[in-house]
Amino acid sequence: MTVEVFGVRHHGPGSARALRAALEEFKPDAVLVEGPPEADALVGLAGDPEMVPPVALLAYSPGDPSGEGRRSAFWPFAEFSPEWQAIRYGVGAGLTVRFCDLPAAVTFAASPEGPDERDVRLDPLGELARAAGHADAERWWDDVVEHRGTAGDGAGGPSPFPAITEAMAELRERAGPPSGAEERREAYMRRTLRRARKDGHERIAVVCGAWHAPAVLADVPAARDDRTLRGLDRVRVAMTWVPWTHGRLAAHSRYGAGVASPGWYHHLFTAPDRPVERWLAGAARVLRAEDLHVSPAQVIEAVRLAGSLAALRGRPLPGLDEVTEAARAVLCEGAEPRVDLLRHRLVVGERLGAVPPRTPMVPLQRDLRAQQRRLRLKPSPRPRDRDLDLRRPFDLDRSRLLHRLRLLDVGWGVPAGGRSTGTFRETWTLEWRPELDVALIEAGAYGTTVRGAAAVRAEVLAADAADLPELTGLAERCLLADLGEALPAVLRALADRAAVDAGALHLMAALPALVRTLRYGDVRGTSRDRLRAVVDGLVVRICVGLAPAVSGLDEDAARAALDRVDAVHGALALLADDACLDRWRGALDRLVARPDGLHGLVEGRVTRLLLDAGRLADAPGRMARAVSAGVPPVRAASWIEGFLAGGELSGGGLILVHDESLLRLVDTWLADLPAAAFPDVLPLLRRTFGTFSAAERRSIGARARRLHDPRPGRAGASATGIDPSRADPAAATVRTILGWEAPE
């Protein structure tokens with residue numbers, strides 16, 4: 001009976017190539033691989049031609065009925081992962097292949113964070129690199145192990161595994177005996193090895209992390225391992241395979257065993273013949289695809305530069321640093337954005353794996369896959385924009401699917417830039433992430449199809465909604481997702497909540513979403529009757545409660561109320577119902593008729609809304625009273641801000657361009673401000689005028705200059721720059737004080 005332990009580095013191309021050669025030489029009859037033993041029943045799927053790495057084993061624990069204790073974890077494999085090559089070798093040869101790490105059921109019960117990817121007390125690579133006289137552990141490991149067999153001759157030399165195991169044994173002696181999770185994991189590895197021996201296997205290969213290799217071979221009594229593993233808590237766990245991405249293998253994704261350059265490692269594994277030349281030729285293709293010129297001569301020069309850099313640095317083969325510097329200097333001509341493009345496309349890569357149809361899935365996952373095929377929405381790890389024309393049934397079905405998934409918290413698609421209420425178009429950004437499979441599994445508790453699960457989830461959300469705006473938003477989402485079966489329950493909850501909610505501001509926050517729902521109901525052919533009844537009732541209650549809701553507010557509350565007033569005004573304009581608009585404008589009329597208790601912001605905004613609606617004939621008089629000498633400067637500034645920043649025109653400041661009387665009132669008020677009040681008012685005015693476009697500000701400035709233009713013929717000015725109509729009363733008073741003439 002012979003046991004060979006191959007200590008590897010997770011996701012190392014040189015380790016993977018050396019392991020495949022060592023297995024073919026050793027010819028085992030059983031292969032044990034570091035990983036969760038719950039996946040033993042799934043290992044045969046690795047040999048399916050439709051299983052394309054990168055893929056991952058997904059362990060999922062649903063927790064209790066409330067979701068408490070829910071856990072999930074992934075064990076990723078790339079084509080260049082040594083464990084994947086061991087699995088493919090064993091499955092392809094018809095051998096027994098088992099996983100030998102601690103069960104996920106135990107790990108989940110012990111740690112809410114899931115499996116610990118690196119449970120060691122020192123950095124083995126760092127220690128070995130320092131012993132070899134190298135400061136950079138990653139570079140040293142690449143040169144010694146990962147670049148083996150990539151020098152162009154395809155030869156990898158002698159197996160590195162005995163030396164790796166010997167080095168790790170020395171490091172473990174210095175680190176001391178294992179404890180905690182590390183001790184339990186290694187005890188389970190030895191238990192799995194004993195079970196394989198008991199099953200009659202004569203030649204057993206064990207593939208595990210290099211740190212654990214000496215422990216697997218250690219002479220530890222079975223009774224001691226049994227004591228270590230006795231009494232461990234377990235939870236219920238389900239396992240499956242899911243697609244993975246190179247981006248999720250990268251270290252920056254916070255994957256514990258991640259590598260800095262999965263795309264580069266994939267290239268080293270799949271192209272051992274002339275890897276540098278092939279890599280830089282691929283970089284040239286990426287740049288050319290972006291309409292950036294790269295000539296064959298530049299590629300040749302970049303290859304030469306990479307080789308020269310490697311020779312100067314004493315490296316056996318140009319590494320990623322050398323090919324990146326060569327590409328930066330020659331192919332990218334020093335342009336860092338081009339280097340970033342290569343780093344994203346090649347160094348990390350955008351590869352998305354695939355699993356075969358017979359992979360265990362929850363029904364919801366299968367239904368989504370069927371719909372993805374029917375609607376020709378292929379998952380991609382790279383963000384892609386989709387512009388949907390809702391007048392086309394095919395695009396309308398796509399939109400409904402994406403909205404249903406959002407109801408299920410499966411964020412495959414995100415609306416890009418919001419929705420335009422005046423068009424039949426939607427723009428989505430689609431990006432598939434591996435964790436969305438976990439979200440689908442969790443959403444499977446609501447149903448077996450995307451539509452059915454989304455409808456049930458909508459009803460659950462309606463029952464648990466905390467406030468009225470949440471319910472109105474949910475009604476809109478149901479309509480966008482075409483969930484007519486869920487809408488009655490949502491509307492019942494909405495009507496019940498609206499009947500007892502006495503706050504007009506709450507009702508105002510709820511109204512816009514319902515109005516949008518009515519409008520989209522027309523677009524999507526949805527019945528409007530029940531929605532319309534709810535909207536009409538809300539409008540009546542808002543108009544009745546408006547005055548007390550917006551009276552007696554401080555600055556922050558007034559600004560919040562202002563947003564609600566604007567939202568309701570815009571929603572009713574969108575609804576285009578004369579009766580509702582008249583009722584709303586009547587409520588605004590009553591507000592400005594008795595403005596006592598109104599904050600300046602609110603009074604100014606309501607005045608402007610009525611002016612834009614053609615219901616005010618005395619706007620200059622109202623502004624004159626608002627900015628008169630007896631009004632505190634800060635309140636006057638607030639009134640002006642509300643009036644100017646709330647117009648329905650493309651720019652609120654255009655009214656000052658077209659109405660000189662209003663501009664003159666603002667100008668006079670500002671000129672007459674006491675010096676002590678000016679610093680308090682200036683920030684408010686800057687904020688107001690900052691909302692105007694540059695063109696509006698230029699036009700207002702030009703009109704203001706003309707108010708004071710001393711040239712003949714300009715309104716309000718004499719040839720000397722003095723306005724006699726304004727100067728005469730002051731001059732008469734001065735003459736009386738000086739005794740030059742008697743008062744009349």
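Because the structure is predicted, anything quoted here is derived from the model rather than measured. Numbers here are sequence positions counted from 1.
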Any chance you could measure [X], atom [atom1], to [Y], atom [atom2], to the nearest 0.5 Å?
X      : Y      : atom1 : atom2 : value
Leu538 : Thr472 : CG    : OG1   : 8.5 Å
Arg425 : Leu390 : CZ    : CG    : 8.5 Å
Leu388 : Trp428 : CG    : CH2   : 8.0 Å
Ser380 : Leu430 : OG    : CG    : 9.0 Å
Ser399 : Glu426 : OG    : CD    : 3.5 Å
Leu598 : Ser638 : CG    : OG    : 12.5 Å

Below 4.0 angstrom, N of the basic side chain to O of the carboxylate: do [X] and [Y] qualify?
X      : Y      : value
Asp389 : Arg391 : yes
Arg457 : Asp409 : yes
Asp556 : Arg559 : no
Glu603 : Arg635 : yes
Arg451 : Glu485 : yes
Arg248 : Glu435 : yes

Worksheet item: Regarding His403 and Glu476, is there a side-chain donor-to-acceptor distance under 3.5 Å anywhere?
Response: no
Worksheet item: Just by distance, with hydrogens left out, do Thr427 and Asp387 show a side-chain donor and acceptor under 3.5 Å apart?
Response: yes
Are [X] and [Y] close enough that some pair of their side-chain heavy atoms sits under 4.5 Å apart?
X      : Y      : result
Val565 : Leu609 : yes
Asp482 : Arg404 : yes
Glu459 : Val490 : no
Thr429 : Arg384 : no
Trp584 : Leu546 : yes
Val450 : Leu405 : yes
Met508 : Leu505 : yes
Leu368 : Gln365 : no

Discussion item. Classify the ring geometry of Trp412 against Trp432: parallel below 30°, tilted from 30° to 60°, perpendicular beyond 60°.
Written reply: perpendicular
Worksheet item: Among Leu511, Asp582, Asp577, which one satisfies side-chain contact (heavy atoms from CB on, under 4.5 Å) with Leu572?
Response: Leu511
Item to complete: Given side chain to side chain contact (heavy atoms under 4.5 Å, CB included), test Arg400 with Leu480 step by step and report yes or no.
Response: CA-CA 6 Å; Arg400 288 167 173 168; Leu480 295 173; over 6 Å; no
Fill in: side chain to side chain contact (heavy atoms under 4.5 Å, CB included) between His569 and Leu588, intermediate numbers included
CA-CA 10 Å; His569 195 79; Leu588 298 181; 4.2 Å; yes
Residue pair [X] / [Y]: nearest heavy atoms and the distance that separates them:
X      : Y      : answer
Ala549 : Ala504 : CB-CB, 3.7 Å
Pro512 : Ala571 : CA-CB, 3.8 Å
Gly411 : Leu436 : N-CD2, 3.7 Å

Worksheet, complete the sentence: Sorted by chain and number, sequence neighbours left out, salt bridge (Lys or Arg N to Asp or Glu O under 4.0 Å) with Arg477 holds for none
Discussion item. Between His599 and Val550, is the side chain to side chain contact (heavy atoms under 4.5 Å, CB included) condition met? List the steps.
Written reply: CA-CA 8 Å; His599 193 279; Val550 298; over 6 Å; no
